[in-house]
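Everything numeric here is computed off the predicted structure, so don't read it as measured data. Counting starts at 1 for both ligands and their atoms, following the listed order.
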Amino acid sequence: MEVIIRPTTKEAVNLTAKLIAEAINQKPFFKLGLATGATMEAVYADLVAMNQAKEVDFSLVHTFNLDEYIGLDPEDPNSYRYYMNKHLFSKINIDMRNTNLPNGLAEDEIAEGLRYESAIAAAGGIDLQLLGIGNDGHIGFNEPISSLAGRTRSKALTPATYAQNSVYFTPPESMPKRAFTMGVGTILGAERIVMLITGAKKAEIAAKAIEGPVTSMVTGSALQMHPRTVVVLDEAAAANLTQKDYYNWVFANEPEWKPYR
Ligand code: PGA
(Lines give C-alpha, C1' and ligand atoms only; values in the text may rest on other atoms or scores of the structure.)
Protein backbone atom coordinates (compact mmCIF):
# COMPACT_ATOMS: atom_id res chain seq x y z
CA MET A 1 0.00 0.00 0.00
CA GLU A 2 1.16 3.53 -0.81
CA VAL A 3 -0.23 6.51 1.10
CA ILE A 4 -0.28 10.06 -0.24
CA ILE A 5 -1.30 12.95 2.01
CA ARG A 6 -2.20 16.27 0.38
CA PRO A 7 -2.69 19.49 2.36
CA THR A 8 -6.22 20.20 1.08
CA THR A 9 -9.25 18.24 -0.10
CA LYS A 10 -8.97 19.90 -3.50
CA GLU A 11 -5.38 18.71 -3.95
CA ALA A 12 -6.29 15.17 -2.84
CA VAL A 13 -9.19 15.12 -5.32
CA ASN A 14 -7.05 16.56 -8.16
CA LEU A 15 -4.37 13.95 -7.60
CA THR A 16 -6.91 11.11 -7.55
CA ALA A 17 -8.45 12.27 -10.84
CA LYS A 18 -4.98 12.66 -12.33
CA LEU A 19 -4.01 9.08 -11.39
CA ILE A 20 -7.18 7.78 -13.07
CA ALA A 21 -6.77 9.88 -16.22
CA GLU A 22 -3.13 8.91 -16.55
CA ALA A 23 -4.02 5.20 -16.28
CA ILE A 24 -6.71 5.52 -18.96
CA ASN A 25 -4.32 7.37 -21.27
CA GLN A 26 -1.86 4.48 -20.99
CA LYS A 27 -4.51 1.90 -21.98
CA PRO A 28 -7.53 3.22 -23.89
CA PHE A 29 -9.55 -0.06 -23.65
CA PHE A 30 -9.73 0.57 -19.96
CA LYS A 31 -11.94 -1.22 -17.42
CA LEU A 32 -12.63 1.32 -14.68
CA GLY A 33 -14.28 0.44 -11.37
CA LEU A 34 -16.29 3.34 -9.98
CA ALA A 35 -17.66 4.43 -6.60
CA THR A 36 -20.43 6.81 -5.53
CA GLY A 37 -20.93 9.03 -2.47
CA ALA A 38 -20.26 12.65 -1.61
CA THR A 39 -16.45 12.30 -1.74
CA MET A 40 -16.47 11.19 -5.38
CA GLU A 41 -18.52 14.08 -6.76
CA ALA A 42 -15.45 16.33 -6.90
CA VAL A 43 -13.37 13.58 -8.56
CA TYR A 44 -16.01 13.25 -11.27
CA ALA A 45 -16.13 17.04 -11.74
CA ASP A 46 -12.36 16.94 -12.32
CA LEU A 47 -12.62 14.05 -14.80
CA VAL A 48 -15.41 15.87 -16.68
CA ALA A 49 -13.21 18.99 -16.92
CA MET A 50 -10.24 16.91 -18.13
CA ASN A 51 -12.44 15.14 -20.69
CA GLN A 52 -13.76 18.47 -21.98
CA ALA A 53 -10.18 19.76 -22.23
CA LYS A 54 -9.36 16.59 -24.22
CA GLU A 55 -6.88 15.47 -21.58
CA VAL A 56 -8.61 12.10 -21.15
CA ASP A 57 -10.74 10.07 -23.57
CA PHE A 58 -13.52 7.77 -22.33
CA SER A 59 -14.68 6.57 -25.76
CA LEU A 60 -13.33 3.04 -25.28
CA VAL A 61 -13.61 2.87 -21.49
CA HIS A 62 -15.90 0.32 -19.81
CA THR A 63 -17.05 1.04 -16.27
CA PHE A 64 -18.27 -1.16 -13.41
CA ASN A 65 -19.77 0.45 -10.33
CA LEU A 66 -19.34 -1.08 -6.92
CA ASP A 67 -22.94 -1.16 -5.80
CA GLU A 68 -26.61 -0.29 -6.20
CA TYR A 69 -29.56 -0.09 -3.81
CA ILE A 70 -32.02 -2.96 -4.01
CA GLY A 71 -35.49 -1.84 -5.05
CA LEU A 72 -34.56 1.47 -6.66
CA ASP A 73 -35.41 2.15 -10.29
CA PRO A 74 -32.53 3.51 -12.41
CA GLU A 75 -34.60 6.71 -12.83
CA ASP A 76 -34.87 7.18 -9.07
CA PRO A 77 -32.73 10.22 -8.12
CA ASN A 78 -31.29 8.21 -5.21
CA SER A 79 -30.20 5.27 -7.35
CA TYR A 80 -26.50 5.03 -8.08
CA ARG A 81 -27.31 4.70 -11.80
CA TYR A 82 -28.91 8.14 -11.59
CA TYR A 83 -25.93 9.51 -9.61
CA MET A 84 -23.45 8.20 -12.18
CA ASN A 85 -25.40 9.53 -15.16
CA LYS A 86 -25.71 12.92 -13.46
CA HIS A 87 -22.16 13.40 -12.19
CA LEU A 88 -20.13 11.64 -14.87
CA PHE A 89 -21.61 9.63 -17.75
CA SER A 90 -23.85 12.34 -19.25
CA LYS A 91 -20.93 14.80 -19.27
CA ILE A 92 -18.14 12.73 -20.85
CA ASN A 93 -17.64 10.97 -24.17
CA ILE A 94 -18.42 7.49 -22.85
CA ASP A 95 -20.63 4.99 -24.68
CA MET A 96 -23.50 4.43 -22.22
CA ARG A 97 -23.67 0.79 -23.33
CA ASN A 98 -20.25 0.33 -21.73
CA THR A 99 -21.39 1.53 -18.29
CA ASN A 100 -22.35 -1.19 -15.79
CA LEU A 101 -24.03 -1.21 -12.40
CA PRO A 102 -25.87 -4.00 -10.61
CA ASN A 103 -29.59 -3.93 -11.46
CA GLY A 104 -31.38 -2.80 -8.30
CA LEU A 105 -34.65 -4.21 -9.64
CA ALA A 106 -33.34 -7.71 -10.38
CA GLU A 107 -35.87 -10.26 -9.09
CA ASP A 108 -33.39 -13.07 -8.57
CA GLU A 109 -30.69 -11.63 -6.32
CA ILE A 110 -28.36 -14.59 -6.53
CA ALA A 111 -28.56 -14.60 -10.34
CA GLU A 112 -27.89 -10.84 -10.41
CA GLY A 113 -24.70 -11.26 -8.38
CA LEU A 114 -23.51 -13.99 -10.73
CA ARG A 115 -24.44 -11.93 -13.80
CA TYR A 116 -22.41 -8.98 -12.55
CA GLU A 117 -19.38 -11.13 -11.76
CA SER A 118 -19.61 -12.69 -15.24
CA ALA A 119 -19.78 -9.26 -16.87
CA ILE A 120 -16.60 -8.16 -15.05
CA ALA A 121 -14.84 -11.40 -16.00
CA ALA A 122 -16.00 -11.17 -19.64
CA ALA A 123 -14.52 -7.66 -19.83
CA GLY A 124 -11.18 -9.09 -18.72
CA GLY A 125 -11.33 -7.82 -15.13
CA ILE A 126 -11.01 -4.33 -13.69
CA ASP A 127 -7.84 -2.34 -14.44
CA LEU A 128 -8.32 0.27 -11.75
CA GLN A 129 -10.92 0.39 -8.98
CA LEU A 130 -11.75 3.74 -7.42
CA LEU A 131 -12.88 3.51 -3.78
CA GLY A 132 -14.15 5.65 -0.96
CA ILE A 133 -14.62 4.39 2.58
CA GLY A 134 -17.76 4.47 4.72
CA ASN A 135 -17.90 5.68 8.30
CA ASP A 136 -18.11 2.01 9.33
CA GLY A 137 -15.06 1.10 7.26
CA HIS A 138 -16.96 -0.42 4.37
CA ILE A 139 -15.71 -0.57 0.78
CA GLY A 140 -18.59 -0.92 -1.63
CA PHE A 141 -21.37 -1.95 0.73
CA ASN A 142 -19.23 -4.62 2.38
CA GLU A 143 -20.37 -3.94 5.90
CA PRO A 144 -18.56 -5.26 9.00
CA ILE A 145 -18.13 -9.06 9.06
CA SER A 146 -18.47 -9.32 5.27
CA SER A 147 -16.34 -12.14 3.95
CA LEU A 148 -12.97 -10.84 2.78
CA ALA A 149 -13.28 -13.34 -0.10
CA GLY A 150 -16.87 -12.37 -1.02
CA ARG A 151 -18.19 -11.77 -4.52
CA THR A 152 -21.06 -9.61 -5.82
CA ARG A 153 -24.24 -10.31 -3.82
CA SER A 154 -26.96 -8.63 -1.82
CA LYS A 155 -26.01 -7.27 1.59
CA ALA A 156 -27.98 -5.84 4.52
CA LEU A 157 -26.79 -2.33 5.39
CA THR A 158 -25.69 -1.32 8.91
CA PRO A 159 -27.38 1.36 11.03
CA ALA A 160 -24.18 3.44 10.56
CA THR A 161 -24.54 3.33 6.77
CA TYR A 162 -28.25 4.00 7.09
CA ALA A 163 -27.51 7.08 9.19
CA GLN A 164 -24.81 8.24 6.76
CA ASN A 165 -26.91 7.90 3.59
CA SER A 166 -30.57 8.28 4.60
CA VAL A 167 -30.09 12.07 4.74
CA TYR A 168 -30.28 12.01 0.93
CA PHE A 169 -33.73 10.36 0.96
CA THR A 170 -37.11 12.04 1.43
CA PRO A 171 -38.37 10.82 3.78
CA PRO A 172 -35.14 9.35 5.21
CA GLU A 173 -36.98 6.08 6.04
CA SER A 174 -37.48 5.45 2.30
CA MET A 175 -33.81 4.48 1.99
CA PRO A 176 -33.51 0.77 1.08
CA LYS A 177 -32.02 -1.41 3.79
CA ARG A 178 -30.21 -3.70 1.36
CA ALA A 179 -27.96 -3.28 -1.64
CA PHE A 180 -26.08 -5.24 -4.26
CA THR A 181 -22.35 -4.85 -3.86
CA MET A 182 -19.18 -6.22 -5.35
CA GLY A 183 -17.56 -8.40 -2.70
CA VAL A 184 -14.22 -7.67 -1.08
CA GLY A 185 -12.87 -10.56 -3.18
CA THR A 186 -14.18 -8.88 -6.35
CA ILE A 187 -12.53 -5.60 -5.36
CA LEU A 188 -9.21 -7.27 -4.53
CA GLY A 189 -9.30 -8.78 -8.03
CA ALA A 190 -8.74 -5.34 -9.60
CA GLU A 191 -5.28 -4.79 -11.05
CA ARG A 192 -4.92 -1.46 -9.27
CA ILE A 193 -6.90 0.31 -6.53
CA VAL A 194 -7.05 4.03 -5.76
CA MET A 195 -8.86 4.97 -2.56
CA LEU A 196 -9.72 8.58 -1.70
CA ILE A 197 -10.46 9.59 1.91
CA THR A 198 -11.19 13.21 2.85
CA GLY A 199 -12.40 15.13 5.87
CA ALA A 200 -11.87 14.97 9.64
CA LYS A 201 -14.89 12.68 10.11
CA LYS A 202 -12.99 9.91 8.32
CA ALA A 203 -9.71 10.27 10.27
CA GLU A 204 -10.44 7.50 12.75
CA ILE A 205 -11.65 4.93 10.21
CA ALA A 206 -8.84 5.84 7.78
CA ALA A 207 -6.24 4.97 10.43
CA LYS A 208 -8.00 1.67 11.16
CA ALA A 209 -8.15 0.72 7.48
CA ILE A 210 -4.56 1.73 6.66
CA GLU A 211 -2.64 0.95 9.84
CA GLY A 212 -4.95 -1.31 11.85
CA PRO A 213 -5.15 -5.09 11.67
CA VAL A 214 -6.72 -6.72 8.62
CA THR A 215 -10.21 -7.56 9.78
CA SER A 216 -13.66 -8.08 8.34
CA MET A 217 -14.81 -5.62 11.01
CA VAL A 218 -13.27 -2.89 8.79
CA THR A 219 -13.47 -4.22 5.25
CA GLY A 220 -11.31 -1.35 3.96
CA SER A 221 -8.41 -2.94 5.87
CA ALA A 222 -8.46 -5.79 3.30
CA LEU A 223 -6.68 -3.40 0.90
CA GLN A 224 -3.52 -4.17 2.90
CA MET A 225 -3.63 -7.53 1.09
CA HIS A 226 -3.68 -5.90 -2.35
CA PRO A 227 -0.33 -5.44 -4.12
CA ARG A 228 -1.10 -2.19 -6.01
CA THR A 229 -3.17 0.10 -3.82
CA VAL A 230 -2.71 3.85 -3.43
CA VAL A 231 -4.65 5.68 -0.70
CA VAL A 232 -4.94 9.44 -1.17
CA LEU A 233 -5.97 11.50 1.87
CA ASP A 234 -6.29 15.14 2.73
CA GLU A 235 -4.54 16.40 5.87
CA ALA A 236 -7.77 16.22 7.91
CA ALA A 237 -8.44 12.57 7.09
CA ALA A 238 -4.77 11.70 7.72
CA ALA A 239 -4.78 13.18 11.23
CA ASN A 240 -4.71 9.83 13.09
CA LEU A 241 -2.05 8.08 10.98
CA THR A 242 1.03 7.19 13.01
CA GLN A 243 3.42 6.82 10.02
CA LYS A 244 2.64 10.19 8.41
CA ASP A 245 6.28 11.27 8.30
CA TYR A 246 7.20 8.11 6.41
CA TYR A 247 4.41 8.57 3.82
CA ASN A 248 5.37 12.21 3.29
CA TRP A 249 9.04 11.33 3.01
CA VAL A 250 8.34 8.73 0.32
CA PHE A 251 6.14 11.14 -1.64
CA ALA A 252 8.67 13.98 -1.41
CA ASN A 253 11.43 11.71 -2.71
CA GLU A 254 9.47 10.38 -5.70
CA PRO A 255 9.22 13.20 -8.24
CA GLU A 256 8.31 10.69 -10.94
CA TRP A 257 5.56 9.20 -8.73
CA LYS A 258 6.83 5.73 -9.60
CA PRO A 259 5.40 3.89 -6.57
CA TYR A 260 1.94 5.33 -7.22
CA ARG A 261 1.59 4.48 -10.91
P1 PGA B 1 -19.09 9.29 1.22
O2 PGA B 1 -19.33 7.71 1.14
O3 PGA B 1 -18.17 9.67 0.13
O4 PGA B 1 -20.48 9.86 1.01
O5 PGA B 1 -18.54 9.56 2.59
C6 PGA B 1 -18.23 6.83 1.08
C7 PGA B 1 -18.69 5.42 1.26
O8 PGA B 1 -19.67 5.16 1.99
O9 PGA B 1 -18.04 4.53 0.69
Practice prompt. Please determine, by modelled atom types, if Thr8 and Glu11 share a side-chain donor-acceptor pair under 3.5 angstrom.
Written response: yes
Response to the item:
CD of Glu68 to OH of Tyr82, rounded to nearest 0.5 Å, is 13.5 Å
Worksheet item: Is the cationic atom of Lys244 (NZ for Lys, CZ for Arg) positioned less than 6.0 Å from the six-membered ring centroid of Trp249 and within 45 degrees of its normal?
Response: no
Worksheet item: So do the side chains of Leu148 and Val214 get within less than 4.5 Å of each other, counting heavy atoms only?
Response: yes
Worksheet entry | Qualifying side chain to side chain donor-acceptor pair (under 3.5 Å) pairs, either residue in residues 185-207, two or more places apart | Glu117-Thr186
Discussion item. Could you tell me if Arg81 and Asn100 have a donor-acceptor pair between their side chains, going purely by distance under 3.5 Å?
Written reply: no
Response to the item:
Output for ligand 1, non-hydrogen cut-off under 4.0 Å, lists Gly37, Ala38, Thr39, Gly132, Ile133, Gly134, His138, Gln164, Lys202
